[in-house]
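Read through the structure below, which is laid out as structure tokens, and then see the notes.
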Amino acid sequence: MRMTDIIEKKRDGGVLSTEEIRFMVKGYTDGSIPDYQMSAMLMAILLKGMDRRETLDLTMAMVDSGETLDLSRINGVKADKHSTGGVGDKTSLILCPMVAAQGVKIAKMSGRGLGHTGGTIDKLESFPGFNTGISEETFINNVNEFGIAIAGQTADLDPADKKMYALRDVTGTVPSIPLIVSSIMSKKLAAGADVIVLDVKSGSGSFMKTEEAAHELAENLTAVGKMAGKKTVAVITDMDEPLGNAVGNALEVKEAIAVLKGEVKGELLELCLTLGSCILTEAGFAANDAEARKMLLCGIEDGTALKKLAELVEGQKGDPKAVYDTSMLPEAKVKFEAISKRSGYVKHISAADVGLVSMHLGGGRATKESEIDLSVGVMLHKKVGDFVEVGESLGTIHASDLAKAEEAARLLENCYTLVPEKVEKPKFIKGIVR
Ligand code: URA
């Protein structure tokens, strides 16, 4: 088999065979197929597409490129969650303990953030001592003992995706549905859970700028998950403004804790109840969504969801006292209000630009090697639909020094679109694909 022939076949709109797809993924992972050939192939896939069978074959070839986690030593139903990525997305920190408190096992591999803000792993490191680099043995033992573990993705899991994603990033081939589906689902399938719930973001702050595109992605993700024998559900949610109010690692942890304590409600709680209900019903723990929501809310009211977060932290050598006393979490030296010079109703907040404000403050990574400052970020006080008076604060900037804070405040104002007429908040949950 020759890679040149396979590239030409896809270039001309052909359907690749299972053997051709496996040859290409194996060759690219072991280095026998060079970047320039894989780049041409990725572009051909982006332009000509792939059918469901090809997408599944690509996904499974990527799963088989490395090790897979064997969760068979964990008793009970194992669930995993993935988000296509958004600004201020601290959902896993809330959802995972909420669901684990109901008895579904959470064995989650998570990534670090690149760009905008940190990933779940970075956020968890806000807890003093928290270890995300636990061994597979500890990971399995913790899920069995506490019902929950969240670890950094190991290098051995899905090496094809690591290489292909890095190449897509620099060849203009990220926004291709078969490539996104195989990238996400290969990681999820390699991580071994029985139930997979996907939060597919739609809007200006996400990959999928329109609701139609997000729907198409959700349909493809769930179809491939099911073809691979997993219970898979996708929830399509709005990402036209940052999720919740906090953007920045420790700030997001504090907001997550506030939700678990029942102090913060709104879209963030709604999202966790929706995703959580999907998990509980698919796992057979609840007969329907209404029952599942009742169970999840009960876990917040009686404190068991918060206690589960403390167990997660303790199980991974963090200090669980920080869950109950958030003053132990990293705290920025400077707090500075971003005062609005304009008035009007908030029509839009550019989530991507708010992410860049956090990055300017040191809360995100420019390169994989960058150190991030867990304490910095923005606490938004105004969201879409709110009215802003001249002189009111749009948000509090948490910074390491005053110069950075002042610049961040200026940048934050530019993230807001204000209009004179009243603004209707768009629907937050845009659909569920089961
Ligand atoms: N998230 C991933 O892991 N891969 C993609 O291709 C897009 C989003």
Side-chain angles (χ1 to χ4, degrees), residues 25 28-29 38-39 41-43 45-47 49-50 54-56 58-63 65-66 68-69 80-87 89 91-92 108-122 150-155 157-193 196-210 213-225 228 230 232 234-237 239 243 275 351-352 355 364-365 368 433:
V25 172
Y28 185 56
T29 311
M38 197 58 175
S39 303
M41 175 53 95
L42 293 171
M43 188 55 83
I45 295 172
L46 179 129
L47 296 173
M50 273 186 153
E54 287 177 290
T55 310
L56 177 65
L58 179 58
T59 307
M60 296 317 292
M62 290 166 75
V63 171
S65 72
T68 51
L69 264 186
D80 195 355
K81 172 254 172 191
H82 185 83
S83 152
T84 58
V87 175
D89 193 352
T91 312
S92 294
K108 183 166 167 51
M109 289 275 165
S110 237
R112 290 194 184 276
L114 183 61
H116 297 349
T117 53
T120 301
I121 286 299
D122 300 301
I150 304 181
Q153 206 164 290
T154 64
L157 215 72
D158 204 347
D161 180 60
K162 286 190 190 73
K163 277 190 90 173
M164 285 167 65
Y165 196 84
L167 193 61
R168 285 167 60 207
D169 223 10
V170 291
T171 54
T173 52
V174 170
S176 147
I177 289 200
L179 295 179
I180 297 175
V181 169
S182 53
S183 166
I184 292 176
M185 293 311 291
S186 59
K187 287 185 288 245
K188 294 292 106 181
L189 294 173
I196 300 169
V197 63
L198 302 151
D199 179 7
V200 178
K201 306 289 190 190
S202 148
S204 61
S206 68
F207 282 119
M208 296 293 139
K209 304 293 176 205
T210 65
H215 249 284
E216 196 188 340
L217 177 60
E219 298 272 1
N220 279 278
L221 286 163
T222 49
V224 166
K230 302 289 178 178
T232 315
V235 178
I236 300 153
T237 62
M239 192 27 84
L243 182 56
L275 295 168
R365 284 190 181 79
K368 271 193 283 192
V433 180

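Both counts, for ligands and for their atoms, begin at 1 and track the order of listing. These numbers come from a predicted model, not from an experiment.
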### Task
Among residues two or more places apart or on two chains, list those pairs meeting salt bridge (charged side-chain N to carboxylate O under 4.0 Å, His left out) that have a residue in residues 199-208.
Asp89-Lys201, Asp199-Lys201
#### Entry: Distance in Å, Asp80 CG paired with Leu189 CG, rounded so as to fall on 0.5 Å steps
10.0 Å
### Message
I'd like the residue list for ligand 1, meaning every protein residue with a non-hydrogen atom under 4.0 Å from the ligand.
### Response
Tyr165, Arg168, Ile180, Ser183, Ile184, Lys187, Phe207
### Query
With a 4.5 Å heavy-atom cut-off, do Leu198 and Thr84 have their side chains touching?
no
#### Entry: Which residues share a side-chain contact (heavy atoms from CB on, under 4.5 Å) with Ala223, sequence neighbours left out
Arg52
### Task
Ignoring hydrogens and angles, tell me if any N or O in the side chain of Asp169 forms a donor-acceptor pair with the backbone of Tyr165 under 3.5 Å.
no
### Query
In chain order, what residues pass the side-chain hydrogen bond (donor to acceptor under 3.5 Å, both in side chains) check against Ser92, with sequence neighbours excluded?
Lys81
